[in-house]
Amino acid sequence: MLIAQGQNLASQVYRLTRRVPRGRVTTYQAIACALGRPRAFRAVGNALNKNPYAPQVPCHRVVRSNGKVGGFAGGTRKKIMMLKQEGVKIKNNKIDLSEYLYDFKRKR
DNA sequence: ACGGTGACGCTCA
DNA sequence: TTGAGCGCCACCG
């Protein structure tokens, strides 16, 4: 199933989130900023919540800017477990963004 | 068109 | 440091 490349906020979010490699994470704000709407981090979360491309779009790799895992359609607990499984260690329900944060603009 | 909701973020106390 | 409040944008009824 291909990702719809529409002009919608959601489509942009999916395409970007999909680039996040395993063992890395990103934040809602980072995505919004990368899309040129640093104030749309809310909409980003909404889009991921609906995320119709579950396996293709690693929405579980998207966390909050404060290091918190955030929420997850299947339960935050599950999200944390998935991240740990990919190599992302979580400290007290928090993630070291300084170590796992993936920069989009780093290479297109 | 309007109002409410949501997987958020920042500031203030 | 932690908690509460306000602001933000997009989608749905």
Report the distance from atom [atom1] of [X] to atom [atom2] of [Y], rounding to the nearest 0.5 Å.
X     : Y     : atom1 : atom2 : value
A:K89 : A:D96 : NZ    : CG    : 10.0 Å
A:N46 : A:N51 : CG    : CG    : 12.5 Å
A:K68 : A:L97 : NZ    : CG    : 12.5 Å
A:N93 : A:I80 : CG    : CD1   : 4.5 Å
A:I95 : A:L83 : CD1   : CG    : 5.0 Å
A:T76 : A:H60 : OG1   : NE2   : 14.0 Å

- [ ] Enumerate the residues from residues 87-100 of chain A whose closest heavy atom to DNA chain B is under 4.0 Å, giving them by residue number; use none for an empty result.
- [x] none
- [ ] List, by chain and then residue number, the residues other than A:F72 in its hydrophobic cluster (Ile/Leu/Val/Met/Phe/Trp/Tyr, side-chain heavy atoms under 4.5 Å); write none if there are no others.
- [x]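 Via sub-4.5 Å side-chain contacts, A:F72 links to A:M82.
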I'd like a table of atom pairs between the protein and nucleotides 11-13 of chain B - only N or O on both sides, under 3.5 Å - with the distance next to each one.
none

Task: Sequence-distant partners of A:Y14, ring-ring contact (aromatic ring centres under 6.0 Å, His included), two or more places apart - done: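 Only A:Y53 meet the ring-ring contact (aromatic ring centres under 6.0 Å, His included) criterion with A:Y14.
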Open item on the list: Please enumerate all residues that pass ring-ring contact (aromatic ring centres under 6.0 Å, His included) together with A:Y100, with sequence neighbours excluded.
Closed with: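 With neighbours one apart ignored, the set is empty.
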Task: Among B:dA7, B:dC10, C:dC8, the nucleotide that comes nearest once only the side chain of A:L48 is considered - done: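 In terms of side-chain proximity for A:L48, the closest of B:dA7, B:dC10, C:dC8 is B:dA7.
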TODO: With a 4.0 Å heavy-atom cut-off, tell me which residues in residues 51-64 of chain A come close to DNA chain C, sorted by residue number.
DONE: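 Contacting residues: none.
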Open item on the list: For DNA chain C, which residues of residues 66-85 of chain A approach it to below 4.0 angstrom with any heavy atom?
Closed with: none
Task: Non-hydrogen side-chain atoms of A:V69 and A:I90 separated by less than 4.5 Å - done: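 A side-chain contact under 4.5 Å exists here.
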Sort and list the pairs that fulfil salt bridge (Lys or Arg N to Asp or Glu O under 4.0 Å) and have at least one residue in [range], not counting sequence neighbours.
range                     : result
residues 71-81 of chain A : none
residues 48-67 of chain A : A:R61-A:E86
residues 35-49 of chain A : none

TODO: Give a yes/no on whether any side-chain N or O of A:Q29 is located under 4.0 angstrom from OP1 or OP2 of C:dC8.
DONE: no
TODO: Write out all pairs satisfying ring-ring contact (aromatic ring centres under 6.0 Å, His included) with one or both partners inside residues 15-51 of chain A, taking only residues at least two apart or from two chains.
DONE: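 Listed once each, the pairs would be none.
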Identify the pairs formed between an N or O of the protein and an N or O of nucleotides 10-13 of chain C at a distance under 3.5 Å, and give each distance.
unit_1	atom_1	unit_2	atom_2	d
C:dA10	N3	A:N46	ND2	3.4
C:dC11	O4'	A:K50	NZ	3.2
C:dC11	O3'	A:K50	NZ	2.9

TODO: Round to the nearest Å and state the distance from A:R39 atom CZ to C:dC6 atom C1'.
DONE: 14 Å
- [ ] Decide yes or no on side chain to side chain contact (heavy atoms under 4.5 Å, CB included) for A:V25 and A:V88, but give the supporting numbers first.
- [x] CA-CA 8 Å; A:V25 297; A:V88 178; 4.2 Å; yes
